[in-house]
Asker: 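Shown below is the structure under consideration.
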Amino acid sequence: MTSRAVEANCDGLVGPTHSYVGLSPGNIASQTNAGEVSNPRAAVLEGLTKMRRLADWGVPQFVLPPHERPDIGFLRSIGFSGSDAKVLEEAWKTAPALASAACSASPMWAANAATVTPSADAADGRVHFTPANLLTNLHRSLEAPQTARSLRRLFPDERRFAVHDGLPAQPHFADEGAANHVRLCADHSDPGVNLFVWGREAWERWDGRYPARQTREAFEAVARRHGAARAVFARQGVAAINGGAFHNDVVCVGTRECLLFHERAFEDRAAMEADVRAAADGLFEPVFVEVQEADLPMEDLVKSYLFNSQLLVAPGEDRLVLLAPGETRDNPRAHAVAQGLASSNGPIGRVEYVDVRQSMRNGGGPACLRLRVVLTEAELAATNPRQRFGPDLHERLADWGRRRYRDRLAPRDLADPSLIVEGREALDELTGILGLGGDFYPFQRAA
Ligand code: SUG
């Protein structure tokens with residue numbers, strides 16, 4: 001038994017350019033809603049309300065700041081020049097696909113920020129983070145360096161935390177972070193089993209309908225550099241990827257002893273279960289809860305995002321709480337499955353719903369918006385306290401969002417050069433609120 005540890009949640013704050021451009025093939029919501037008008041203000045407020053729900057339950061909750069967008073540095077690196085406004089204007093005129101990638105607010109989906117190994121599982125007793133290189137999609141491949149900077153601000157003490165750089169930016173090491181990783185354990189304080197779910201092998205010829213974003217080799221490298229104990233590697237179901245589960249967390253969620261997943265989630269479910277059981281031997285008895293395709297067909301699964309829920313230990317309750325998106329309640333089949341889970345004698349005692357509709361229309365449910373980090377009390381005390389979320393920070397950030405964010409953004413509005421200034425003013429104020437220092441964003445370092 002190590003010292004007492006809890007699961008903290010670090011949520012990505014939605015950025016001012018939250019939009020529906022349709023940048024992610026294989027992500028059905030992203031494709032279906034392409035071209036629609038977004039509401040960045042509503043999106044940031046929804047995210048804050050979700051954080052508040054967890055903070056009110058006593059779960060340690062942190063805020064990860066948005067990245068600077070449009071990413072003018074990226075556009076300069078591919079040959080656009082002149083003033084910042086000119087760079088954006090030229091990019092939109094001659095290469096709109098590249099310009100729109102430079103404007104995406106995708107860092108909000110913090111489950112893709114990094115893969116995390118808690119100190120109880122790491123060979124050197126530190127908490128390890130590898131920012132995901134996200135190189136399958138151009139807009140997301142821009143995130144890793146700023147994510148590393150961000151994690152180093154939140155977890156600054158190198159004696160306790162190791163924030164690595166992303167893996168080599170090669171298709172062989174395509175990595176999407178914690179969205180494809182589940183940690184099971186008896187209690188968060190205890191050693192855990194690390195289930196790494198990959199979609200393809202580096203040298204395999206992938207001819208699926210949609211991209212397989214995570215390679216086995218990427219996760220093997222992450223486990224090696226973190227010194228991650230009790231690592232289990234399992235292949236994601238090809239049918240799941242082809243059905244629109246672009247990350248494993250669209251078809252699977254787990255915490256403590258409980259792994260909840262869809263019938264199609266794993267290519268070889270029996271092998272996955274046997275490997276997890278073997279790794280857990282002597283520590284705990286895993287509980288596998290499988291939802292059948294007959295009860296929840298892939299199509300309803302992807303619309304309802306039942307599995308993209310947060311599975312939480314709530315204070316004073318011995319069974320787990322599933323915090324599901326409102327879309328799960330709206331879908332009769334998914335709703336019936338959720339009610340069935342709660343009324344059975346299984347590990348889930350209750351289902352609650354939360355509205356993150358703005359994010360859902362990009363394919364990002366409650367679980368996508370957060371990065372889970374298991375921390376001991378001493379580690380928790382070593383985080384940047386200004387990023388710790390509670391009622392005061394909620395009020396300050398809600399006020400900031402209401403003043404700084406637009407309530408309407410069509411994809412073509414992303415070409416508006418005034419977004420550069422609006423975004424920078426908003427982020428400059430945010431660095432003050434979150435205590436990030438005056439050199440956190442590229443525009444601050446250039447000034
Ligand atoms: O990578 N959507 C994100 C959604 C990420 C969800 N994360 C998890 N499942 N953990 C993605 O596909 C859409 C952007 C757009 O269409 O404008 C987007 O990037």
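Reckoned from all heavy atoms, side chains included, excluding hydrogens, waters and symmetry mates.
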Asker: Hey, what do you get for OG1 (Thr94) to CD (Glu89), rounding to the nearest 0.5 Å?
Answerer: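 Here the interatomic distance stands at 10.5 Å.
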
Asker: Sequence neighbours excluded, which residues qualify as salt bridge (charged side-chain N to carboxylate O under 4.0 Å, His left out) partners of Arg357?
Answerer: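 Glu327, Asp330, Asp355.
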
Asker: Set out, in order, the CA-CA distance, both residues' side-chain angles and the distance that settles side-chain contact (heavy atoms from CB on, under 4.5 Å) for Thr49 and Val354, then state yes or no.
Answerer: CA-CA 9 Å; Thr49 304; Val354 63; 5.8 Å; no

Asker: Under the rule for salt bridge (charged side-chain N to carboxylate O under 4.0 Å, His left out), what residues qualify as partners of Glu204, not counting sequence neighbours?
Answerer: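 Arg235.
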
Asker: If you take all heavy atoms of Gly363 and Ala29, which pair is closest and at what distance?
Answerer: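 Closest approach of Gly363 to Ala29: N-CB, 3.4 Å.
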
Asker: If a pair satisfies ring-ring contact (aromatic ring centres under 6.0 Å, His included) and one of its residues is in residues 53-92, list it, with sequence neighbours excluded.
Answerer: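 Those involving residues 53-92 do not exist here.
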
Asker: Tell me the closest heavy-atom pair linking Ala174 and Leu135, and the distance in Å.
Answerer: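 Result for this residue pair: CB-CD1, 3.9 Å.
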
Asker: Over 60° means perpendicular and under 30° means parallel, so tell me whether His226 and His128 are parallel, tilted or perpendicular.
Answerer: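 His226 and His128: tilted rings.
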
Asker: Taking the side chain as everything from C-beta on, heavy atoms only, tell me whether Leu75 gets closer than 4.5 Å to Leu88.
Answerer: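 Yes, their side chains come closer than 4.5 Å.
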
Asker: Report the relative orientation of the aromatic rings in Tyr441 and Phe443; use parallel for angles under 30°, tilted for 30 to 60°, perpendicular for over 60°.
Answerer: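 Tyr441 vs Phe443 ring planes: parallel.
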
Asker: If you look at every heavy atom in Pro411 and Tyr20, which pair is closest and at what distance?
Answerer: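 Closest approach of Pro411 to Tyr20, heavy atoms only: CG-O, 3.3 Å.
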
Asker: May I ask you to say whether Asp84 pairs ionically with Arg424, meaning some side-chain N is under 4.0 Å from a carboxylate O?
Answerer: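 Counted as a salt bridge, because a side-chain N and a carboxylate O are separated by less than 4.0 Å.
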
Asker: Calculate, to the nearest 0.5 Å, the distance between atoms CZ and NE2 belonging to Arg41 and His18 respectively.
Answerer: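 Reported value, rounded in 0.5 Å steps: 13.0 Å.
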
Asker: Just by distance, do the side chain of Asn137 and the backbone of Ser24 share a donor-acceptor pair under 3.5 Å?
Answerer: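 No; judged by distance alone, with no hydrogens or angles, the pair does not exist.
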
Asker: Could you go step by step and tell me if Glu220 and Arg224 meet the salt bridge (Lys or Arg N to Asp or Glu O under 4.0 Å) rule?
Answerer: CA-CA 6 Å; Glu220 286 172 348; Arg224 242 186 332 262; 5.0 Å; no

Asker: Enumerate donor-acceptor pairs with a distance under 3.5 Å from any side-chain N or O in residues 95-105 to protein atoms, sequence neighbours excluded.
Answerer:
from   : atom 1 : to     : atom 2 : distance (Å)
Ser100 : OG     : Pro96  : O      : 3.1
Ser100 : OG     : Ala97  : O      : 3.1
Ser104 : OG     : Ser106 : N      : 3.1
Ser104 : OG     : Ser106 : OG     : 3.4

Asker: Applying salt bridge (charged side-chain N to carboxylate O under 4.0 Å, His left out), name anything that partners Arg152, two or more places apart in sequence or on another chain.
Answerer: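 Once residues adjacent in sequence are excluded, the partners of Arg152 under the salt bridge (charged side-chain N to carboxylate O under 4.0 Å, His left out) criterion are Asp165.
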
Asker: State plainly whether the residues Arg406 and Asp416 are in salt-bridge range, i.e. N to O under 4.0 Å.
Answerer: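 Counted as a salt bridge, because a side-chain N and a carboxylate O are separated by less than 4.0 Å.
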
Asker: Do the side-chain N and O atoms of Thr130 and Arg225 include a donor-acceptor pair separated by under 3.5 angstrom?
Answerer: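 There is such a pair between these side chains.
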
Asker: I'd like to know if the side chain of Ser359 and the backbone of Val356 have a donor-acceptor N/O pair within less than 3.5 Å.
Answerer: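 No; judged by distance alone, with no hydrogens or angles, the pair does not exist.
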
Asker: Is a salt bridge present between Glu7 and Arg183, judged by a nitrogen-to-oxygen distance below 4.0 Å?
Answerer: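 Salt bridge: no.
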
Asker: Does the side chain of Phe307 reach to within under 4.5 Å of the side chain of Cys252, using non-hydrogen atoms?
Answerer: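 SC-SC contact between Phe307 and Cys252 ruled out.
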
Asker: Side chain of Asp175, backbone of Gly177: donor and acceptor closer than 3.5 Å?
Answerer: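 Between the backbone of Gly177 and the side chain of Asp175 there is a qualifying donor-acceptor contact (under 3.5 Å).
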
Asker: Considering only heavy atoms from C-beta outward, does the side chain of Val116 approach that of Val127 to under 4.5 Å?
Answerer: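 Yes, at least one pair of side-chain atoms sits under 4.5 Å.
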
Asker: Verify the ring-centre separation between Phe266 and Phe261: is it less than 6.0 angstrom?
Answerer: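 Yes, the ring centres sit under 6.0 Å apart.
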
Asker: Begin from the C-alpha positions of Gln310 and Asn9 and carry the test side-chain hydrogen bond (donor to acceptor under 3.5 Å, both in side chains) through to its verdict.
Answerer: CA-CA 10 Å; Gln310 291 182 249; Asn9 277 265; 3.2 Å; yes

Asker: Rounded to the nearest 0.5 Å, how far apart are CG of Leu48 and CG of Asp11?
Answerer: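 One finds 9.0 Å between CG of Leu48 and CG of Asp11.
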
Asker: Answer whether the closest heavy-atom distance between the side chains of Lys50 and Pro366 falls below 4.5 Å.
Answerer: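 Lys50 reaches Pro366 side chain to side chain.
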
Asker: Could you measure the distance from the CG atom of Asn112 to the OG1 atom of Thr147? Nearest 0.5 Å is fine.
Answerer: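 With rounding to 0.5 Å, CG (Asn112) is 9.5 Å from OG1 (Thr147).
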
Asker: Between Asp399 and Arg403, does any side-chain N to carboxylate O distance fall below 4.0 Å?
Answerer: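 Yes.
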
Asker: Please name the pair of heavy atoms, one in Pro70 and one in Ile420, separated by the smallest distance, quoted to 0.1 Å.
Answerer: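 Heavy-atom minimum between the residues: CG-CG1, 4.0 Å.
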
Asker: Checking His262 side chain against Arg264 main chain: does a donor-acceptor pair fall under 3.5 Å?
Answerer: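 Present.
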
Asker: Under 3.5 Å, is there a donor-acceptor pair between the side chain of Glu90 and the main chain of Lys86?
Answerer: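 Not confirmed, Glu90 side chain does not pair with Lys86 backbone.
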
Asker: Counting only N and O atoms by type, is there a donor-acceptor contact under 3.5 Å from the side chain of Trp400 to the main-chain atoms of Ala426?
Answerer: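 Such a contact is found between Trp400 side chain and Ala426 backbone.
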
Asker: Quick check against the 3.5 Å criterion: does Glu46 have a side-chain atom that pairs as donor or acceptor with the backbone of Gln358?
Answerer: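 Checked: pair present.
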
Asker: Go through the steps for Asp121 and Asn194 under the test side-chain hydrogen bond (donor to acceptor under 3.5 Å, both in side chains), then give the verdict.
Answerer: CA-CA 8 Å; Asp121 298 345; Asn194 291 285; 3.1 Å; yes

Asker: Looking only at side-chain N and O atoms, does Asn248 offer a donor or acceptor that is under 3.5 Å from a partner on Asn180?
Answerer: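 There is no such pair between these side chains.
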
Asker: So which heavy atom on Phe161 is nearest to which on Leu375, and how close?
Answerer: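 Where Phe161 meets Leu375 most closely, the heavy atoms are CE2-CD2, 3.9 Å.
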
Asker: With distance as the sole test, does Glu267 use its side chain to make a donor-acceptor pair with the main-chain N or O of Val238 at under 3.5 Å?
Answerer: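 Checked: pair present.
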
Asker: I'd like to know if Asp300 pairs up with Arg333 as an ion pair, taking the criterion as any Lys NZ or Arg NE/NH1/NH2 lying under 4.0 Å from an Asp or Glu carboxylate oxygen.
Answerer: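 Salt bridge flag = yes for Arg333 with Asp300.
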
Asker: May I ask you to say whether Glu299 pairs ionically with Lys303, meaning some side-chain N is under 4.0 Å from a carboxylate O?
Answerer: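 Yes.
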
Asker: When you check the gap from the basic side-chain N to the acidic O, do Arg53 and Glu352 get nearer than 4.0 Å?
Answerer: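 The answer is yes: the pair qualifies as a salt bridge.
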
Asker: When the aromatic ring centroids of Phe129 and His164 are compared, is their separation below 6.0 Å?
Answerer: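 Aromatic pair excluded; centres sit 6.0 Å or further apart.
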
Asker: Find out whether Leu151 and Leu371 are in side-chain contact, i.e. whether some heavy atom of one side chain is under 4.5 Å from a heavy atom of the other.
Answerer: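 A side-chain contact exists here, since the closest heavy-atom pair is under 4.5 Å.
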
Asker: Give the minimum heavy-atom separation between Ala85 and Pro417, together with the two atoms involved.
Answerer: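 Taking Ala85 first and Pro417 second, the nearest heavy atoms are CB-CB, 3.9 Å.
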
Asker: Just one of Gln236, Glu176, Gln214, Arg213 clears the side-chain contact (heavy atoms from CB on, under 4.5 Å) bar with Phe246, so which one?
Answerer: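 When side-chain contact (heavy atoms from CB on, under 4.5 Å) is applied between Phe246 and each of Gln236, Glu176, Gln214, Arg213, only Arg213 qualifies.
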
Asker: With the side chain counted from C-beta on, respond yes when Gln61 and Arg370 share a heavy-atom pair under 4.5 Å apart, and no when they do not.
Answerer: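 A side-chain contact under 4.5 Å is absent here.
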
Asker: How would you list all residue pairs meeting side chain to side chain donor-acceptor pair (under 3.5 Å) that involve residues 26-40, not counting sequence neighbours?
Answerer: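 Sorted pair list: Glu36-Arg361.
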
Asker: Looking at Arg445 and Asp439, would you say the former's side chain and the latter's main chain have a donor-acceptor pair under 3.5 Å?
Answerer: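 It does hold such a pair.
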
Asker: Counting C-beta onward and ignoring hydrogens, is there a side-chain heavy-atom pair between Leu259 and Leu195 closer than 4.5 Å?
Answerer: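 Yes, side chains in contact.
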
Asker: Just how far is it from atom OG1 of Thr328 to atom NE2 of His335, taken to the nearest 0.5 Å?
Answerer: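 Interatomic distance, Thr328 OG1 to His335 NE2, rounded to 0.5 Å: 9.0 Å.
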
Asker: Is there a donor-acceptor pair under 3.5 Å between the side chain of Arg76 and the backbone N or O of Gly82?
Answerer: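 Yes.
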
Asker: With rounding to the nearest 0.5 angstrom, report the CD1 to CH2 distance, Ile241 to Trp206.
Answerer: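 Atom-to-atom, Ile241:CD1 and Trp206:CH2 are 4.0 Å apart.
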
Asker: Find out whether Val63 and Leu434 are in side-chain contact, i.e. whether some heavy atom of one side chain is under 4.5 Å from a heavy atom of the other.
Answerer: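 A side-chain contact exists here, since the closest heavy-atom pair is under 4.5 Å.
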
